[in-house]
Structures are given as C-alpha cells and as structure tokens.
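Per chain, numbering begins at 1; letters A, B, ... match sequence-line order. Just so it is clear, the model here is predicted, and its values are computed rather than measured.
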Amino acid sequence: AQSVTQLDSQVPVFEEAPVELRCNYSSSVSVYLFWYVQYPNQGLQLLLKYLSGSTLVESINGFEAEFNKSQTSFHLRKPSVHISDTAEYFCAVTQTGGSNYKLTFGKGTLLTVNP
Amino acid sequence: KAGVTQTPRYLIKTRGQQVTLSCSPISGHRSVSWYQQTPGQGLQFLFEYFSETQRNKGNFPGRFSGRQFSNSRSEMNVSTLELGDSALYLCASTRTGDTQYFGPGTRLTVL
C-alpha cells in the first residue's frame with residue numbers, strides 16, 4: 001500500500017516569487033510519481049512525472065520536481081510564479097509494473113499567487 | 001488525439017435515486033479508472049476496468065458499480081443515492097499504466 005503526504009494545504013505567495021510545494025510518500029514497492037494541477041471546475045491535468053532516469057523532471061511551464069529516494073520526497077518548485085499558476089496541486093504515486101494502475105493522491109496544496 | 005470525455009458534466013439528483021455517469025477514454029487506451037473527489041476525503045479510487053473486466057476496486061460500498069464496453073467506454077452507476085455521494089467524479093484512462101489522463105469530471109449534487 002502507498003500513502004502520500006502533502007505538507008502544506010495552502011501556500012500563498014506573491015507574483016514572481018519562488019515557490020516549493022512539498023510532497024512525501026510511503027510505499028513498500030517501487031513507485032512512479034506525479035504532480036497534477038486542477039484549476040477551478042476542471043479535471044486534473046498532468047504537470048510532470050517521474051518514471052525513471054534523471055531524478056530532476058521539468059514541465060513546459062517552468063515547474064520542476066526532484067525525486068529523492070532516500071527522503072521519499074518529490075517536491076515541486078518554480079523559481080518565479082505567475083498569477084495564472086493559482087490552482088490546486090496534487091502529488092500522486094502508483095506502483096511500477098504489474099496490473100494495479102491505482103493512483104494514490106495527497107490531499108492537495110492550494111497555491112494562491114497574489115499580485 | 002481527443003482527450004478523455006465525460007458526460008454529463010453536471011447532475012442534480014435526490015436521495016434514493018440512482019445515477020449513471022459515462023466516460024470515453026483516449027483512443028487506444030484500454031484501462032479506465034474512476035475516482036471520487038470530495039472536500040473532506042480528497043481524491044479516492046473507486047475502481048479500474050481493463051478489457052471489460054474490473055481489475056481493481058477501492059473501498060466503496062456495493063452501491064457503486066461500473067462496467068466497460070468493448071470499445072473501452074465505461075460507465076459507473078450509483079444506486080440509492082445519499083447526500084454524501086455529492087462529489088466530483090473523475091475518469092482517467094491509460095494505455096500502459098504509467099501515466100493516467102483525466103477527463104473534466106461530472107459534478108454530482110444529491111439533494
């Protein structure tokens with residue numbers, strides 16, 4: 001079984017400031033890791049994922065996350081946020097291989113970017 | 001490619017009724033999963049279908065059921081609706097299991 005903890009339920013920041021959204025996970029098996037973003041009244045959009053290889057993964061809109069196996073973390077960072085980044089962000093894991101495609105999510109972090 | 005589509009987008013029902021939600025996966029994706037999202041419980045896995053068979057099931061009562069058709073489209077049904085079933089129901093599809101893509105969701109309100 002897996003579990004995901006997002007350490008901050010809300011993160012308010014000013015525009016152009018850096019931000020870090022923290023995510024820790026627990027699992028007895030190898031996992032893939034994901035960050036999804038949800039804008040109001042919408043579904044989940046995949047932001048970035050770690051499957052294998054380089055532990056630093058990047059998205060097309062400037063976010064990055066680093067997989068740290070020893071600390072079982074997958075924190076999300078952006079050096080300079082925009083108003084349009086205001087949304088809820090979910091960290092998720094699923095086990096590698098096999099036929100269990102279930103995603104386990106954290107409770108979410110609401111990022112609010114203020115002018 | 002078209003994304004995951006869900007219909008209807010919004011539903012209002014009363015307690016005791018039943019409801020059916022529909023999900024069309026991305027073309028070529030044979031796995032469809034359903035999730036319930038509520039403010040209190042967050043995102044919870046309901047079940048997953050692959051090639052018309054339920055492979056995995058979350059911890060929900062038997063009132064929640066689903067099925068998948070030969071074209072991979074999936075439906076979920078909730079019978080005897082309760083107020084606590086009010087939620088956003090999300091469908092996701094995947095081809096290989098390593099990345100799931102979500103639809104816009106169906107917002108169910110039970111009065």
Side-chain angles (χ1 to χ4, degrees), chain A residues 1-10 21 23-25 27 29-53 57 59-60 65 67 74 87-110, chain B residues 2-7 9-10 21 23-26 29-51 53-60 68 72 74 87-109:
Chain A
Q2 297 96 41
S3 67
V4 177
T5 302
Q6 291 184 242
L7 296 154
D8 305 293
S9 60
Q10 298 186 53
L21 307 184
C23 171
N24 287 92
Y25 71 93
S27 178
V29 298
S30 295
V31 294
Y32 296 135
L33 297 121
F34 306 87
W35 278 97
Y36 285 89
V37 59
Q38 186 175 38
Y39 299 99
N41 298 315
Q42 294 189 26
L44 300 177
Q45 296 179 26
L46 180 66
L47 188 60
L48 45 75
K49 61 185 179 183
Y50 172 77
L51 303 182
S52 64
V57 291
S59 71
I60 58 173
F67 170 51
F74 191 53
E88 190 151 25
Y89 293 78
F90 293 92
C91 181
V93 301
T94 189
Q95 72 175 49
T96 64
S99 61
N100 188 344
Y101 293 174
K102 170 189 171 184
L103 275 167
T104 299
F105 287 90
K107 292 289 190 183
T109 298
L110 179 61
Chain B
V4 178
T5 59
Q6 292 186 245
T7 57
R9 291 292 313 276
Y10 301 91
L21 314 181
C23 171
S24 292
I26 293 171
H29 289 194
R30 295 166 64 189
S31 168
V32 174
S33 296
W34 289 88
Y35 294 82
Q36 181 196 63
Q37 184 178 24
T38 59
Q41 299 299 316
L43 282 151
Q44 295 184 285
F45 172 77
L46 280 156
F47 29 64
E48 183 238 348
Y49 286 86
F50 183 87
S51 292
T53 301
Q54 186 183 92
R55 284 200 306 191
N56 297 289
K57 189 176 190 307
N59 189 25
F60 278 82
Q68 187 180 34
S72 294
S74 177
L88 181 67
Y89 290 88
L90 293 163
C91 165
S93 75
T94 180
R95 185 175 60 84
T96 57
D98 57 17
T99 306
Q100 294 198 34
Y101 297 91
F102 284 80
T106 294
R107 172 77 60 185
L108 172 65
T109 301

Fill in: Check: B:Tyr35 side chain, A:Leu103 main-chain N or O, donor-acceptor pair, under 3.5 Å
yes
Discussion item. Would you say that more than 12 heavy atoms from the other residues, nucleotides or ligands in this model lie under 6.0 Å from the CZ of B:Arg95, or not?
Written reply: no
Worksheet item: Do you know which of A:Phe90, A:Tyr101, A:Phe34 has the most heavy-atom pairs under 4.5 Å to chain B?
Response: A:Tyr101
Discussion item. Please classify the contact of B:Asn56 with chain A as side chain, backbone, both or neither, using a heavy-atom distance under 4.5 Å.
Written reply: side chain
Worksheet item: Any idea which of B:Gln37, B:Gln6, B:Arg107 has the most non-hydrogen atom pairs under 4.5 angstrom with chain A?
Response: B:Gln37
Practice prompt. Can you tell which part of B:Thr96 gets under 4.5 Å to a heavy atom of chain A, answering side chain, backbone, both or neither?
Written response: backbone
Worksheet item: Donor-acceptor pair, A:Lys107 side chain versus B:Gln41 backbone, under 3.5 Å?
Response: yes
Worksheet, complete the sentence: Under 4.5 Å to a heavy atom of chain A? For B:Gln100 that would be both
Worksheet entry | Toward chain A, the part of B:Phe47 with a non-hydrogen atom under 4.5 Å | neither
Worksheet entry | Sub-4.5 Å side-chain heavy-atom contact between B:Leu88 and A:Gln38 | yes
Worksheet entry | Side chain / backbone / both / neither for A:Leu51 at chain B, heavy atoms under 4.5 Å | side chain
Item to complete: Measure distances from A:Lys102 to the heavy atoms of chain B and classify the residue's part below 4.5 Å as side chain, backbone, both or neither.
Response: both
Discussion item. Please classify the contact between B:Gln44 and chain A as side chain, backbone, both or neither, with a heavy-atom cut-off of under 4.5 Å.
Written reply: neither
Item to complete: Could you give me the CA-CA distance, side-chain angles and deciding distance for B:Phe45 and A:Thr104, then say whether side-chain contact (heavy atoms from CB on, under 4.5 Å) is met?
Response: CA-CA 8 Å; B:Phe45 172 77; A:Thr104 299; over 6 Å; no
